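Right, one structure below, let's go through it.
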There are 2 protein chains.
Amino acid sequence: MDATRSLVLTRSYGSVGIAGICERAGVRRGSLYHFFPGKEDLVIATLEVLYTEFEAEVLQPALRGPAGLRGRITAFVNAVHAFQTRMQAAEGRLPGCPFGSLAVETGTQSPRLREAMQGHLDAIRAQFRAALDAAVAHGELDARTDTARLADHWLALMEGILLMARAEQDADTILRLAPALQDLLLGAPAPERRANEHR
Amino acid sequence: MDATRSLVLTRSYGSVGIAGICERAGVRRGSLYHFFPGKEDLVIATLEVLYTEFEAEVLQPALRGPAGLRGRITAFVNAVHAFQTRMQAAEGRLPGCPFGSLAVETGTQSPRLREAMQGHLDAIRAQFRAALDAAVAHGELDARTDTARLADHWLALMEGILLMARAEQDADTILRLAPALQDLLLGAPAPERRANEHR
DNA sequence: AGTCTAGTTGACCGATCGGTAAACACAAGG
DNA sequence: CCTTGTGTTTACCGATCGGTCAACTAGACT
């Protein structure tokens, strides 16, 4: 599963073969099929583990650690940036958001895989919403804020940022686009103060 | 190339085979290789055409037609929504943003394809920026607005929106997330008016 | 008529795909 | 000692992958 993770994240579902996974893992193909019924299940299981780790190591610490929504967003962005940088250093490729990428690639081919990825995206969105609800409770956001809607926007923008980062194969893209997240979630600055504010 | 477009947009680069393309086009494989040196070049050429059409039929009309940035954004979103809906009706699958999807999928494998897609994304960003510059010229945005940066954010969010739409295979996702675009580009409403504003 | 060339065709290439199955190793339990 | 269950190994399956090639067709030009 570690081999599967490395390969699927840095390449893509379709372009990763069972043979490559097994070679990397130092395992014979037959052994693999003793534990997993097929490629699809292997990948689903692998990303299940990845999500669990992502929630425990990125989502929870960043979104509950610092006080204040602004600090939490920053912590979240930095944690994502660190993870992407680490992966790029280790594997030579910047993965972007695996759940989003897989959902896009297999969305029109493998319903089970797509549903699994959608489930993870939903879970991330729920974490975002919890952070927004906490901000509402602390008076950082107006009480009438539609946190579900805002969390939805947050996830969409985050996916877009990671898509751009993967397309450019550059982790700094995340930092470059992160201000958009602050603008979207905390309200854009008044037009008068907008120019170059984030530099 | 029409067959290539349909298949690549609704499936993915890796999962579309030369055989499938030729079968759909009613052409023998050998004939294809008389005109294109390989799959990569075929797809690049196909998406070149697609971008040209996209610019002429979506970008230009939407971003120059209506008066006012808000109206232009709305027109752009509606045009994209219409295109996605049409594709879904015709092919049974919602393609999302082909340039983004291809850039993501092939970004770690086919440098030429990735560069081509990046070029198209850059071109789209330039169109966005032109629309923002026009808004600045009309006083709709502050003169000090960093339009390049804002166009960058615009593209990232748009890619995220289309990624979500493809993941969910639902064109309405675009309309659901479109308000985020208005918030990001025109400035979020004051917190007091934020709740449910867009419903 | 003869030549040339753009394009078509179908057979074929080696490689790889995901997946299967039978033979085998081996430790645990009787 | 013998069975049983858990894995491992290896050879193999048909299908498909992207790509090649030589033979062929047919219209244009001389």
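Model, not experiment: these values are computed from the prediction. Below, chain A is the first sequence line, B the second, and so on; all start at residue 1.
Atom C1' of nucleotide dT10(D) and atom CG of Leu32(A) are separated by 15 Å, given to the nearest angstrom. Summarising the geometry, the separation between OH on Tyr33(A) and P on dG7(D) is reported as 19 Å, rounded to the nearest angstrom.
Here the nucleotide nearest the side chain of His34(B), chosen from dT10(D), dA6(C), dT20(D), is dA6(C). Side-chain atoms of Arg28(B) lie closest to dT9(C) of the nucleotides dT9(C), dG19(C), dG18(D).
The environment of Glu23(A) atom CD is sparse: at most 12 non-hydrogen atoms of other residues, nucleotides or ligands sit within 6.0 angstrom.
Positionally, the nearest nucleotide of DNA chain C for Gly20(A) lies more toward the 5' end than for the other of Ser31(A) and Gly20(A).
For Thr108(B) and Arg11(A), the side-chain atoms include no donor-acceptor pair closer than 3.5 Å.
In this structure, Tyr51(B) and His120(B) have parallel ring planes: the angle between them is below the 30° cut-off, well short of the 60° mark. Taking the six-membered ring where the residue is Trp, Phe76(B) and Phe54(B) present perpendicular rings, their angle passing 60° and hence far from 30°.
Within a heavy-atom distance below 4.0 Å of DNA chain D, no residue of residues 5-17 of chain A is found.
Formation of a donor-acceptor pair under 3.5 Å by the Ser31(A) side chain with backbone atoms of Val27(A) is not found in this model.
Annotation: cation-pi pair Lys39(B)/Tyr33(B) absent, no NZ/CZ under 6.0 Å from the ring centroid and within 45° of its normal.
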